[in-house]
Amino acid sequence: MTKAELIHTICTKLGTEKNDTQKIVEALMQEIKTSLCSGENVYLRGFGSFIIKTRAAKTGRNISKNTAIDIPAHNIPAFKPAKTFAEKVKSKVAVKK
């Protein structure tokens with residue numbers, strides 16, 4: 001599902017204008033980004049958490065030059081689904097082969 005499809009689905013279910021719904025979705029995403037960029041996690045009960053994970057420093061390899069490179073420790077955004085949400089997906093969605 002794309003962002004446009006998500007907005008269309010929400011408009012249909014709530015009977016709201018597309019522009020209003022788009023502004024709300026954009027504002028939600030912006031607030032999540034702002035919170036994560038300021039070092040705060042975002043917890044949405046029953047859905048999941050947007051958290052900051054720290055990746056340790058490691059040595060990588062530049063394949064084209066066949067040289068070792070040092071990759072410094074860094075933070076990345078991550079999503080951790082709520083337990084009930086994860087269980088529902090496990091039980092409802094078939095495993096792809």
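- For residues 3-35, no pair satisfies ring-ring contact (aromatic ring centres under 6.0 Å, His included), with sequence neighbours left out.
- With a 4.5 Å cut-off on side-chain heavy atoms, Val42 and Ser35 count as touching.
- Residues Thr2 and Glu5 are in side-chain contact: their nearest non-hydrogen atoms beyond the backbone lie under 4.5 Å apart.
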Output side-chain donor-acceptor pairs under 3.5 Å for residues 22-30, partner residues at least two apart or in another chain, one line each.
| residue | atom | partner | partner atom | Å |
| --- | --- | --- | --- | --- |
| Glu26 | OE2 | Lys3 | NZ | 2.6 |
| Gln30 | NE2 | Thr34 | OG1 | 3.3 |

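- Applying the ring pair (Phe, Tyr, Trp, His ring centres under 6.0 Å) rule to Tyr43 yields no partners; only residues at least two apart in sequence or on another chain are considered.
- Taking each heavy atom of Cys11 and Thr21 in turn, the nearest pair found is SG-OG1, 3.4 Å.
- Summarising the geometry, atom CD1 belonging to Ile7 is positioned 11.5 Å from atom CG belonging to Asp20; distances are rounded to the nearest 0.5 Å.
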Can you give each donor-acceptor pair under 3.5 Å made by side-chain atoms of residues 51-69, sequence neighbours left out, with the distance rounded to 0.1 Å?
| residue | atom | partner | partner atom | Å |
| --- | --- | --- | --- | --- |
| Thr54 | OG1 | Asn75 | OD1 | 2.8 |
| Asn62 | OD1 | Ser64 | N | 3.2 |
| Asn62 | OD1 | Ser64 | OG | 2.9 |

Throw together a table of side-chain donor-acceptor distances under 3.5 angstrom for residues 88-97, partners on residues two or more places apart or in other chains.
| residue | atom | partner | partner atom | Å |
| --- | --- | --- | --- | --- |
| Ser91 | OG | Glu87 | O | 3.3 |
| Ser91 | OG | Lys88 | O | 3.1 |

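- The distance from atom CD1 of Ile10 to atom NZ of Lys18, rounded to the nearest 0.5 Å, is 12.0 Å.
- The CD1 atom of Ile32 sits 12.0 Å away from atom SG of Cys37, with the distance rounded to the nearest 0.5 Å.
- Under the ring-ring contact (aromatic ring centres under 6.0 Å, His included) criterion, the residue pairs touching residues 76-97 are Phe47-Phe79, Phe47-Phe85, Phe50-Phe79, with sequence neighbours excluded.
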